[in-house]
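Structure first, commentary second.
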Amino acid sequence: MTDLYPTRGAAEVTTPRRDPVLWGEPSAELRDFERDGFLTVDELLTRTEVLTYRAELKRLIADPAVRNDERAVIESSSQEIRSIFEVHRISEVFAQLVRDPRVVDTARRILGSDVYVHQSRVNVKPGFGAGGFYWHSDFETWHAEDGLPRMRTVSVSIALTENRDTNGGLMIMPGSHRTFLGCAGATPKDNYKRSLRMQEAGTPSASALTEMALEHGIKLFTGPAGSATWFDCNCMHGSGDNITPYPRSNVFIVFNSVENQPVEPFAAPARRPDFIAARDFLPVG
């Protein structure tokens, strides 16, 4: 298969986006998503629903079986849970969220097809020292290490706690989704074991990030529990550490088009495990 988005070579390289941003029918609701690469929803979940999902997250974090599962990522400094992957398979409560029409129907409208879950996780940022996620494009990793051929994937981050301007919120460079930045350097074997805690392979240089920030600016997302941000797979984004007393927890669901099934990795020695990059392409019902 032709590689439309070369990455992880000897040097950084930029490639204009070769895919639509909006694969479905255009609408006023999705105009901003197509232009900026993201769409915010002030209240996706009700207060009662937020409390239900927050209680389920608390249960999962306290479960020794979950902590000892390879799908749980442990914060190296605090030894607390940083992320729980494949959360929609671990928990029926979160599986219901994936199937919620408010969630999956938006993914279908953006991607113009049936969708399956490429990845799900809960990111937990308790106060006082939870680590951030360095600047990156998700598609760069999913293309290089998972074999996703096209930019036909969308993510939604749903807040279970208030996202403040001080507690390590999501930052996106608006419009960055229209250019693919291929990163320099080879992918180490079993890179996922390190990258889930601290990403190094597939991260842009400081000079490239500076140029992108000067061109696009940086948008910081804040909002109450229950709010959500949809964003394109190629958005340049990241988040800072949370050194405040205020926790920040978000559910993160990645929907991929059933017409964009992964092939072999484009720039990695082997596929990542299925709990990070699903190979079950059954459409969300």
Side-chain angles (χ1 to χ4, degrees), residues 1-25 30 33-34 37-38 85-86 98 104 106-121 135-156 172 175-192 195-196 199 201-204 208 230-237 252-284:
M1 175 177 286
T2 302
D3 185 355
L4 299 178
Y5 300 104
T7 188
R8 309 210 182 172
E12 285 182 320
V13 58
T14 57
T15 303
R17 186 185 184 112
R18 304 185 188 279
D19 293 303
V21 176
L22 184 62
W23 292 77
E25 292 295 324
L30 296 177
F33 180 87
E34 186 170 25
F38 57 80
F85 279 79
E86 214 171 44
V98 167
V104 69
T106 300
R108 293 187 185 114
R109 288 199 300 272
I110 291 171
L111 301 180
S113 70
D114 280 334
V115 298
Y116 71 93
V117 177
H118 176 72
Q119 182 187 105
S120 75
R121 67 178 187 264
W135 289 104
H136 63 286
S137 154
D138 286 330
F139 179 76
E140 193 281 337
T141 296
W142 299 337
H143 183 70
E145 300 186 37
D146 300 337
L148 289 190
R150 310 298 293 264
M151 293 182 183
R152 200 172 179 179
T153 312
V154 67
S155 302
V156 61
I172 293 179
S176 58
H177 61 305
R178 295 194 174 276
T179 302
F180 177 74
L181 179 62
C183 298
T187 308
K189 182 181 179 182
D190 292 335
N191 179 54
Y192 75 93
S195 67
L196 298 184
Q199 186 163 349
T203 55
W230 290 89
F231 58 102
D232 179 82
C233 59
N234 191 46
C235 283
M236 189 61 65
H237 67 287
F252 184 75
I253 307 166
V254 182
F255 293 100
N256 188 38
S257 168
V258 295
E259 300 171 11
N260 188 43
Q261 294 179 11
V263 294
E264 290 304 308
F266 286 91
R271 301 175 179 179
R272 298 195 297 176
D274 288 0
F275 71 85
I276 302 174
R279 298 277 167 167
D280 177 357
F281 311 127
L282 184 68
V284 175

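Side-chain contact between Phe252 and Val156 is absent, with no heavy-atom pair separated by less than 4.5 Å. Counting heavy atoms from C-beta outward, Pro149 and Phe266 have side chains that approach closer than 4.5 Å. Residues Gln119 and Phe275 form no side-chain contact, since every pair of their non-hydrogen atoms from C-beta on lies 4.5 Å or further apart. Here the side chains of Val254 and Thr153 are in contact, with some heavy-atom distance below 4.5 Å.
Annotation: salt bridge (charged side-chain N to carboxylate O under 4.0 Å, His left out) contacts of Glu34 (sequence neighbours excluded): none. Ser113 pairs by the side-chain hydrogen bond (donor to acceptor under 3.5 Å, both in side chains) definition with Ser257, not counting sequence neighbours. Considering only residues two or more places apart in sequence or on other chains, Glu25 meets the salt bridge (charged side-chain N to carboxylate O under 4.0 Å, His left out) condition with none of them. Every residue two or more places apart in sequence or in another chain that forms a side-chain hydrogen bond (donor to acceptor under 3.5 Å, both in side chains) with Asn234 is listed here: Ser137. Applying the side-chain hydrogen bond (donor to acceptor under 3.5 Å, both in side chains) test to Ser155 and every residue at least two apart in sequence or in another chain returns nothing. Annotation: ring pair (Phe, Tyr, Trp, His ring centres under 6.0 Å) contacts of Trp142 (sequence neighbours excluded): His118. Residues forming a ring pair (Phe, Tyr, Trp, His ring centres under 6.0 Å) with His237 (at least two apart in sequence, or on another chain): His136, Phe231. By the side-chain hydrogen bond (donor to acceptor under 3.5 Å, both in side chains) test, Glu12 pairs with Ser205, sequence neighbours left out. With sequence neighbours excluded, the residues satisfying ring pair (Phe, Tyr, Trp, His ring centres under 6.0 Å) with Phe281 are Tyr116. Partners of Phe139 by ring pair (Phe, Tyr, Trp, His ring centres under 6.0 Å), not counting sequence neighbours, listed by chain and number: Tyr5, His143, Phe180. Residues passing the salt bridge (charged side-chain N to carboxylate O under 4.0 Å, His left out) test with Asp138: none are found, sequence neighbours excluded. Every residue two or more places apart in sequence or in another chain was checked for a salt bridge (charged side-chain N to carboxylate O under 4.0 Å, His left out) with Arg121, and none qualifies.
Among all heavy-atom pairs drawn from Asn256 and Leu111, the shortest one is C-CD1, 4.0 Å. Across all non-hydrogen atoms, the minimal contact from Ile110 to Trp230 is CD1-CE3, 4.4 Å. Minimum heavy-atom separation, Thr187 to Pro269: O-CD, 3.7 Å. Shortest non-hydrogen contact noted between Ala278 and Pro262 is O-CG, 4.4 Å. Of all the heavy atoms in Val104 and Val98, the pair that sits closest is CB-O, 3.6 Å. Glu86 approaches Asp274 most closely through the heavy-atom pair OE2-O, 3.9 Å.
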Verdict with reasoning, Thr141 to Arg272, per side-chain contact (heavy atoms from CB on, under 4.5 Å) = CA-CA 10 Å; Thr141 296; Arg272 298 195 297 176; 3.7 Å; yes
Walk me through it: do Arg271 and Arg279 pass the test side-chain contact (heavy atoms from CB on, under 4.5 Å)?
-> CA-CA 10 Å; Arg271 301 175 179 179; Arg279 298 277 167 167; 3.5 Å; yes
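Ion pair Asp232/Arg152 not flagged as a salt bridge, since none of the NZ, NE, NH1 or NH2 atoms sits closer than 4.0 Å to an Asp/Glu carboxylate oxygen. Using a cutoff of 4.0 Å between basic side-chain nitrogens and carboxylate oxygens, Arg8 and Glu140 are scored as salt-bridged.
Using a distance-only test at 3.5 Å, with no hydrogens or angles considered, no donor-acceptor pair links the side chain of Asp146 to the main chain of Leu148. Using modelled atom types, one side-chain atom of Ser176 and one backbone atom of Met236 make a donor-acceptor pair closer than 3.5 Å. Put simply, the side chain of Asn260 gets close to the backbone of Arg150: a donor and an acceptor are under 3.5 Å apart. Without hydrogens or angle criteria, Arg17 side chain to His177 main chain gives a donor-acceptor distance under 3.5 Å. Looking only at distances, a side-chain donor or acceptor of Asp19 sits under 3.5 Å from a matching main-chain atom of Met151.
If you take CZ on Phe255 and SG on Cys233, they are separated by 14.0 Å, rounding to the nearest 0.5 Å.
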